[in-house]
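Everything below concerns the one structure shown next.
Just so we're clear, the structure is a prediction, and the values are computed from it rather than from any experiment.
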Amino acid sequence: LGEERLLLKRNRAITARRQHLKSVMLQIAATELEKDKSRREAEKQNYLAEHCPPLHIPGSMSEVQELCKQLHAKIDAAEEEKYDMEVKVQKSSKELEDMNQKLFDLRGKFKRPPLRRVRMSADAMLKALLGSKHKVCMDLRANLKQVKKEDTEKERDLRDVGDWRKNIEEKSGMEGRKKMFETES
């Protein structure tokens, strides 16, 4: 029973310490955020004071026109700078894209798209490739040449031999044996 109380006290102490550390960290983070916000505001005020002097409106018409000319010149300069920056960004992004493509090519890992088998007749394929120019119906068997079957030696031998029964009857008996000896010698 005493050990359980010690464990409970230790667990409570650990959780209390965690909570305390957490609250201290949150306080430090909040003060850092406030400092960062005030620093940004000061930088913004300095930048505006440097680049945008306070505007004083003159009383005469010629002075107002002169002020307008100066403002237009500043606007033109700012637009040129903006355009130059955009061109630089586009150029660098294009270079990055090219470098990534070269890197991809050097690695040699190409992703092949999954191909599907498409059943298409020769006519449909020609129509897809040639469009409206395709007028001819493609019948592959129409243009084949007729070939006559040549007689092979075996077929000639079979034709010459004729009926096998007749051949056997001729060779049976003495006359057949006599013929065999005559043809062999």
Applying side chain to side chain contact (heavy atoms under 4.5 Å, CB included), can you list everything that pairs with K88, at least two apart in sequence or on another chain? none
R40: salt bridge (Lys or Arg N to Asp or Glu O under 4.0 Å) partners, not counting sequence neighbours: D36
Between the side chains of D105 and Q101, is a donor N or O closer than 3.5 angstrom to an acceptor N or O? yes
Between CD of E66 and CG of L71, what distance do you get to the nearest 0.5 Å? 10.5 Å
Pair M25-I28, side-chain contact (heavy atoms from CB on, under 4.5 Å): steps then yes or no: CA-CA 5 Å; M25 286 174 47; I28 292 172; 5.7 Å; no
The criterion is ring pair (Phe, Tyr, Trp, His ring centres under 6.0 Å); which residues satisfy it with Y83, sequence neighbours excluded? none
Qualifying residues under side chain to side chain contact (heavy atoms under 4.5 Å, CB included), relative to S60, sequence neighbours excluded: S62, E63
For K82, all residues meeting side chain to side chain contact (heavy atoms under 4.5 Å, CB included), sequence neighbours excluded: E79, E86
Here the side chain to side chain donor-acceptor pair (under 3.5 Å) pairs for residues 7-25, sequence neighbours left out, are none
For H51, which residues count as a ring pair (Phe, Tyr, Trp, His ring centres under 6.0 Å) partner, sequence neighbours excluded? Y47
Rounded to the nearest 0.5 Å, what's the gap from CG on D98 to OG on S93? Could you check? 9.5 Å
Could I get the full list of side chain to side chain contact (heavy atoms under 4.5 Å, CB included) partners for E41, not counting sequence neighbours? K44, Q45
For L48, which fellow cluster members are found when Ile, Leu, Val, Met, Phe, Trp and Tyr are connected by side-chain heavy-atom distances below 4.5 angstrom, either directly or through intermediates? none
With sequence neighbours excluded, what pairs up with E43 under the salt bridge (Lys or Arg N to Asp or Glu O under 4.0 Å) test? R39
Drop me the distance from L8's CG to E4's CD, to the nearest 0.5 angstrom. 7.5 Å
